[in-house]
Amino acid sequence: MIRVEINNIDRSEAVNWSSLTITKNLTSLVDVGSFQILKVQDGYSPEINQEVEIYKDDDKIFGGYITGIKEDLSVVDGGYYLINFQDYIYELSGILIAKSFENKTGKEIIDELFVEFAPSFNTDNVVCNTVINKIVFNNAYLSDCLTRISKIIGYEWYIDQNKNVHFFQRFSLVAPFNLTDTNGNYVYKSLRRTIDATQIANQVKVRGGLGTETSMFEDVITVSGDETRTFKLPYKFANLQVWLDTGTGYVEQNVGIDNIDDFTTDDVLYNYQSDSIRFENSLDTGTLIKFAGNKKYPVMAIVSDDASIALIGLREKYIVDNSLIDAKTTRERAFLELDLAKEAITDCSFSTYQDGLETGMRITINSELRDISELDFIINKVVFKTRTPEDFEYAITCSTARKMGLTEFLKELAMRGDVFEEEDTAVAEIIKTVREDLEIDETIEKIGAYEINEELEIDETTQKNEFEPTWVLSPYVPTEFGSEAFADQINDSGNSNIGIYVNRWRGQSFVVSSGINSLAKLRLKLRKVGTPVGNFVVDLYLADGIGKPTGSVLAGASMLATGISTTATIYDFIFNTPISPSTRYVFVCKADSCPNSANCINVYYNGANPYTNGMYCVSTNNGVSWSQSAPTDIHFIEYSQFLGDVKRPGRLDLSMKLY
């Protein structure tokens, strides 16, 4: 008796048994099925993700989840639902894994994955002692992780109807019965064999994409004539590097991608399609451009079967597959294609009433009527179709093992570069969303306006200053400063200089003295190089525990880069901003619009540790990360002030209305 349970409730009476079909696909592929269930009077209606279990007598033959519902309620008080369902692999295909393993067996890896991410599954049927040196799953679905492991080891896997994980050697499963002309294991006259000889070939040429040489190629271009900005390279390259020598030695250039990057961040742009590099400005005749990289080369493999050629003559097959980017994989594809093409391809199908056949099993057909002698086939599809309310008829499709080898090879190629790209630097971040309804009670009391008429007498302490005071009724922080600016932190011994441009920022930490509550200005020693553009900016940050900038910008000052002299000159950057006494800060120098070291602003420094209350720091990525140099300090003078409240005694008659 066939029984259908949904969420552990027997719904067999409402199921149209003639509509029930189950399709089991090759091993790791998802098994699917469908059936119609009548709309019943108890009000039950199916829902997505409800569990479906199908039994034949007391044996469970399928387990999975509802994945689709089509509703037809055209009949009054009747109608039906068409239910589509998938096996338990559906559950694994919703779990992403970001994890790596080293020097562990296939079983150890699989056990750990399921214990952590899918504990409801059982891995007792996983038997694999092969050690994998290293495997990285970079946000891969759990089902794809199993496929990756199986490809490395040469195994197959599937999830059975009881959530057991089966992991086994490819083609090692043997069918419980074979087929002959007389053993009655298949429906009479249902056995069909397809032999395709139209594609026979005994020499196969496979042209792949572009491979990459392991050794570095290096050459030099000398600028001459009219070609001064764009230069043709002899090959396509991976990992291209470029150096420029204008007469003072080679300087490495930042290489970007043409039409993606630009000259605000990179010195030279590489066009992969046209095999060329491009500079922003023309280069002088005689300038040397050195370049190096891994050459790209077209991949090609040709294999042939001499015996077949001698027998039937030369028959060639040409295949183009740009996903093949190394000689070894291209040869493998060529040999598999030749092995398949040199003889006729045989596919087979039949129907049977016998239970027990599963995809991936090896079944032998021996038939004198069809001139088949002990030919092995691999079952790649089993379709269950109800024959009566008690029994199934099974439609079986199978192929020769040789064809299955090519199918698996092509499937593996299709998956390359998808979810299995190994990145040791990948970081898994888990973010969970919590949705809740909040109820907030608020009471507002309205108070009517009333008047206060009083005479107030105010006594205040005065402090003599050199400017006219502002009268106030409460403590007041004036916009003008209560004392003259004075030099607080000093390092005025910088004789060396270094460039500031694009993403190259330079900073200096310092500690203000006790009692100081305002930064008046910073004095820096600067000069410009070449033709810088944009602004030279000095921003103030708080310092972390080791003297690096942290948080957001507290205050800033700037000046035009073109206004800075080509010789070493002292410039003031006015801040007039409150700060906290005895606190460590960092000022950071930036010139993001300056393109490179030849057109930038140089700041002066001393490398002998003249300033003991802070140190120099540098960022090459716009402040994302910082490094420090303990013996180095930027040439600077920090001017501070004391802010003071300005008060005067007086008398004031008030008449006000409070609301």
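Start at 1 with the first residue, then count along the sequence.
Side chains of Glu102 and Ser100: a donor-acceptor N/O pair is absent below 3.5 angstrom, by distance only. Between the side chains of Arg506 and Tyr616, at least one donor-acceptor pair of N or O atoms lies under 3.5 Å. For the 3.5 Å distance criterion, the side chains of Asn602 and Asn497 qualify, holding a donor opposite an acceptor. Side-chain contact, Asn621 with Ser625: a donor N or O sits under 3.5 Å from an acceptor N or O. With 3.5 Å as the limit, one finds a donor-acceptor pair spanning the side chains of Asp633 and Gln508. No side-chain donor-acceptor contact under 3.5 Å links Asn495 and Ser493.
Judged by the 6.0 Å distance and 45° axis criteria, Lys521 is not positioned over the aromatic ring of Phe575. The cationic atom of Lys236 (NZ for Lys, CZ for Arg) lies less than 6.0 Å from the six-membered ring centre of Tyr272 and within 45° of the ring axis.
In this structure, the side chains of Tyr141 and Ile95 stay at 4.5 Å or more apart for every pair of heavy atoms. For the pair Asn622/Asp592, a side-chain contact is recorded, criterion being any heavy-atom separation below 4.5 Å from C-beta on. Here the side chains of Arg278 and Phe231 are not in contact, with every heavy-atom distance at 4.5 Å or above. Looking only at side-chain heavy atoms (C-beta outward), Ile498 and Tyr604 stay at 4.5 Å or farther from each other. Within the 4.5 Å cutoff, side-chain heavy atoms of Val512 are placed close to those of Asp488. Looking only at side-chain heavy atoms (C-beta outward), Lys104 and Glu112 come within less than 4.5 Å of each other. Using a 4.5 Å heavy-atom cutoff, the side chains of Cys617 and Pro549 are in contact.
Taken from CG in Asp258 to CD1 in Ile260, the straight-line distance is 9.0 Å, to the nearest 0.5 Å. For the atom pair CG (Leu233) and CD1 (Ile289), the distance works out to 9.0 Å, reported to the nearest 0.5 Å.
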Side chains of residues 527-539: which donor-acceptor partners sit under 3.5 Å, not counting sequence neighbours?
from, atom 1, to, atom 2, distance (Å)
Lys528, NZ, Thr562, O, 3.2
Thr531, OG1, Asn599, OD1, 3.0
Asp539, OD2, Lys590, NZ, 2.8

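Distance alone, capped at 3.5 Å, places no donor-acceptor pair between the Glu280 side chain and the Pro595 backbone. No donor-acceptor pair under 3.5 Å is formed between the side chain of Asn271 and the backbone N or O of Asp275. Although no hydrogens or angles enter the test, the distance criterion places a donor-acceptor pair under 3.5 Å between the side chain of Asp267 and the main chain of Asn254. No donor-acceptor pair closer than 3.5 Å links the side chain of Asn606 to the backbone N or O of Pro610. For the pair Thr147 (side chain) and Ser143 (backbone), a donor-acceptor distance under 3.5 Å is present. Panel note: side chain Tyr501, backbone Ala598; no donor-acceptor pair is recorded below 3.5 Å. Remark: the backbone N or O of Val251 is not paired with any side-chain donor or acceptor of Lys290 at under 3.5 angstrom. Within the 3.5 Å criterion, the main-chain N or O of Val242 finds no donor-acceptor partner in the side chain of Glu252. Formation of a donor-acceptor pair under 3.5 Å by the Arg584 side chain with backbone atoms of Ser509 is not found in this model. Under a 3.5 Å cut-off, the side chain of Thr105 and the backbone N or O of Glu108 do form a donor-acceptor pair.
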Evaluate His635 against Asp492 for side-chain contact (heavy atoms from CB on, under 4.5 Å), listing each step before the verdict. CA-CA 5 Å; His635 181 116; Asp492 56 357; 3.9 Å; yes
Legend entry - Verdict with reasoning, Lys107 to Ile109, per side-chain contact (heavy atoms from CB on, under 4.5 Å): CA-CA 5 Å; Lys107 179 171 176 55; Ile109 296 172; over 6 Å; no
key: Criterion side-chain contact (heavy atoms from CB on, under 4.5 Å) on Tyr250 and Val220, from CA distance to verdict   = CA-CA 11 Å; Tyr250 283 111; Val220 175; 3.8 Å; yes
Run the side-chain contact (heavy atoms from CB on, under 4.5 Å) check on Thr632 and Asn609 step by step: do they pass?
CA-CA 5 Å; Thr632 302; Asn609 195 25; over 6 Å; no
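A pairwise comparison of heavy atoms in Cys589 and Leu524 identifies SG-CD1, 4.0 Å as the closest pair. Residues Ser580 and Tyr585 share a closest heavy-atom pair of N-OH, 2.8 Å. Between Phe237 and Gly293, the shortest heavy-atom contact is CD2-C, 3.6 Å. Here the closest non-hydrogen pair linking Ser513 and Gln489 is OG-NE2, 3.4 Å. The two residues Lys232 and Ser274 make their nearest non-hydrogen contact at NZ-O, 2.6 Å.
Legend: residues meeting ring-ring contact (aromatic ring centres under 6.0 Å, His included) with Tyr639, ordered by chain and number and at least two apart, are absent. Checked against salt bridge (Lys or Arg N to Asp or Glu O under 4.0 Å), Glu116 has the following partners two or more places apart in sequence or in another chain: Lys99.
Each of Ile149, Leu142, Asp144, Leu96 was evaluated against Phe137; a single residue qualifies, Ile149, per the side-chain contact (heavy atoms from CB on, under 4.5 Å) test. When each of Leu542, Leu519, Leu554 is tested with Ile579 by the rule side-chain contact (heavy atoms from CB on, under 4.5 Å), just one qualifies, namely Leu519.
The aromatic ring centres of Tyr235 and Phe217 sit less than 6.0 Å apart.
Below 30°, between 30° and 60°, or above 60°: for Phe636 and Phe510 the angle between ring planes is between 30° and 60°, a tilted geometry.
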